Asker: 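Sending over a structure as structure tokens; questions will come in a sec.
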Amino acid sequence: MGLVTLAAAPALASELDRVTPAFQFSERHSTTVRAAPDRVYRAIRDVTASEILFFRSLTWLRRLGRPGPESVLNAPADQTLLEVATRTTFLALVDGPRELVVGTVVIAPPNTARPSTPAEFVALSTRAGYALATMNFATHPRADGTCTVSTETRV
């Protein structure tokens with residue numbers, strides 16, 4: 001009788017995997033948070049620039065002190081970063097219940113319209129002349145009542 005090797009079951013695909021299955025660059029970070037996943041998810045959606053230590057200072061440095069238009073790099077202190085991002089340069093692709101995915105067009109042919117729906121955004125991934133960036137925030141419940149929160153950026 002031969003040796004049987006059992007492969008580990010593949011992890012369930014994330015919404016980010018569905019939206020951006022092919023990419024040239026990615027960066028991932030995660031940490032454990034002592035809170036329920038729904039509370040962490042709500043915090044991700046509701047956080048403002050003024051609530052993140054050094055956020056405004058670091059984005060000011062990134063802009064080299066230049067004022068510039070409203071964007072994630074120049075966010076009003078009293079509005080959520082998600083609101084600012086999706087109103088300016090990002091498109092909400094997936095929202096909930098445990099994962100938030102946003103995307104933006106980094107490079108596009110001249111005089112092309114920005115996508116206005118998730119389907120339009122995903123369709124651009126197979127067209128020449130486009131570079132897309134996507135980012136997710138996901139919560140993963142743990143048996144001890146805490147959760148792991150992760151973020152990944154893909155280009």
Side-chain angles (χ1 to χ4, degrees), residues 7-59 61-63 69-108 112-155:
L12 293 175
S14 70
E15 292 296 325
L16 183 64
D17 292 333
R18 187 180 58 74
V19 172
T20 315
F23 49 93
Q24 293 179 329
F25 167 83
S26 74
E27 183 171 329
R28 181 173 167 72
H29 302 276
S30 67
T31 190
T32 300
V33 178
R34 290 184 178 177
D38 60 329
R39 186 171 177 212
V40 173
Y41 191 80
R42 195 168 44 254
I44 291 167
R45 292 189 94 269
D46 294 345
V47 70
T48 64
S50 62
E51 293 174 308
I52 300 173
L53 187 64
F54 301 124
F55 184 88
R56 295 176 71 70
S57 298
L58 292 172
T59 55
L61 286 172
R62 170 71 171 78
R63 293 188 329 264
E70 180 185 72
S71 71
V72 172
L73 295 177
N74 193 22
D78 61 341
Q79 295 174 22
T80 71
L81 289 173
L82 182 60
E83 286 175 306
V84 174
T86 57
R87 187 175 54 248
T88 57
T89 55
F90 286 84
L91 179 64
L93 302 173
V94 176
D95 188 0
R98 297 266 184 249
E99 186 174 8
L100 172 69
V101 182
V102 295
T104 190
V105 176
V106 180
I107 298 172
T112 57
R114 299 185 75 76
S116 59
T117 68
E120 288 176 8
F121 181 89
V122 172
L124 293 179
S125 66
T126 59
R127 296 189 52 199
Y130 287 87
L132 307 177
T134 53
M135 178 179 12
N136 83 333
F137 296 90
T139 59
H140 313 276
R142 297 168 46 110
D144 63 0
T146 64
C147 79
T148 300
V149 62
S150 65
T151 182
E152 184 174 356
T153 300
R154 293 179 178 177
V155 180

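Note that the structure is a prediction, hence the values are computed from the model and not measured.
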Asker: Can you name the nearest heavy-atom pair linking V84 to P76, along with the distance?
Answerer: CG2-CD, 3.7 Å

Asker: In this structure, are over 12 heavy atoms from other groups packed under 6.0 Å from R39 atom CZ?
Answerer: no

Asker: Donor-acceptor check, side chain of Y41 to backbone of E99, threshold 3.5 angstrom: yes or no?
Answerer: yes

Asker: Given V122, which partner from the list T20, V19, T117 fulfils the side-chain contact (heavy atoms from CB on, under 4.5 Å) test?
Answerer: V19

Asker: Would you name the heavy atoms of P115 and V105 that are closest together and state the gap between them?
Answerer: CD-CG2, 3.6 Å

Asker: Of all heavy-atom pairs between A133 and V155, which one has the smallest distance, and what is that distance?
Answerer: CB-CG2, 4.1 Å

Asker: Which is it for V33 and T31 under the side-chain contact (heavy atoms from CB on, under 4.5 Å) test, yes or no, and what are the steps along the way?
Answerer: CA-CA 6 Å; V33 178; T31 190; 4.1 Å; yes

Asker: State the CZ-OG1 distance between R142 and T148, to the nearest 0.5 angstrom.
Answerer: 4.5 Å

Asker: Give the minimum heavy-atom separation between P37 and C147, together with the two atoms involved.
Answerer: CG-CB, 3.7 Å

Asker: Heavy-atom count around R63 CZ within 6.0 Å, excluding the residue itself: above 12?
Answerer: yes

Asker: Could you state the interatomic distance from CZ (R42) to OG1 (T139), rounded to the nearest 0.5 Å?
Answerer: 11.0 Å

Asker: Using 0.5 Å steps for rounding, measure from the OG1 atom of T88 to the CG atom of N74.
Answerer: 10.0 Å

Asker: Would you give the length of the straight line joining atom CD of Q79 to atom CD of E70, rounded to the nearest 0.5 angstrom?
Answerer: 5.5 Å

Asker: So, for A123 and T126, which heavy atoms are closest and what is the spacing to 0.1 Å?
Answerer: O-OG1, 3.1 Å

Asker: If only atom types and distance count, is the side chain of S50 paired as donor or acceptor with the main-chain N or O of A77 below 3.5 Å?
Answerer: yes

Asker: Taking only Lys NZ, Arg NE, NH1 and NH2, and the carboxylate oxygens of Asp or Glu, determine whether D144 and R34 approach each other closer than 4.0 Å.
Answerer: no

Asker: With the side chain counted from C-beta on, respond yes when H140 and V149 share a heavy-atom pair under 4.5 Å apart, and no when they do not.
Answerer: no

Asker: Hey, mind stepping through V101 and R18 against side-chain contact (heavy atoms from CB on, under 4.5 Å) and telling me if it holds?
Answerer: CA-CA 10 Å; V101 182; R18 187 180 58 74; over 6 Å; no

Asker: Determine yes or no for a side-chain-to-main-chain donor-acceptor pair under 3.5 angstrom, with R154 supplying the side chain and A22 the backbone.
Answerer: no

Asker: Check whether T151 reaches the backbone of N136 with its side chain - one donor and one acceptor, N or O, closer than 3.5 Å.
Answerer: yes

Asker: Hey, are T104 and R114 close enough side-chain-wise for a donor-acceptor pair under 3.5 Å?
Answerer: yes

Asker: Distance from L61 atom CG to L73 atom CG, nearest 0.5 Å?
Answerer: 11.5 Å

Asker: T59 side chain to F55 main-chain N or O, any donor-acceptor pair under 3.5 Å?
Answerer: yes

Asker: Which atom names give the shortest non-hydrogen contact between V102 and L82, and what distance separates them?
Answerer: CG1-CD1, 3.9 Å

Asker: Nearest 0.5 Å, please: how far is CE in M135 from OG in S26?
Answerer: 13.5 Å

Asker: Assess the residue pair T134 and F23 against the criterion (side-chain contact (heavy atoms from CB on, under 4.5 Å)); give the C-alpha distance rounded to whole Å, side-chain angles, the decisive distance to 0.1 Å, and a yes or no.
Answerer: CA-CA 10 Å; T134 53; F23 49 93; over 6 Å; no

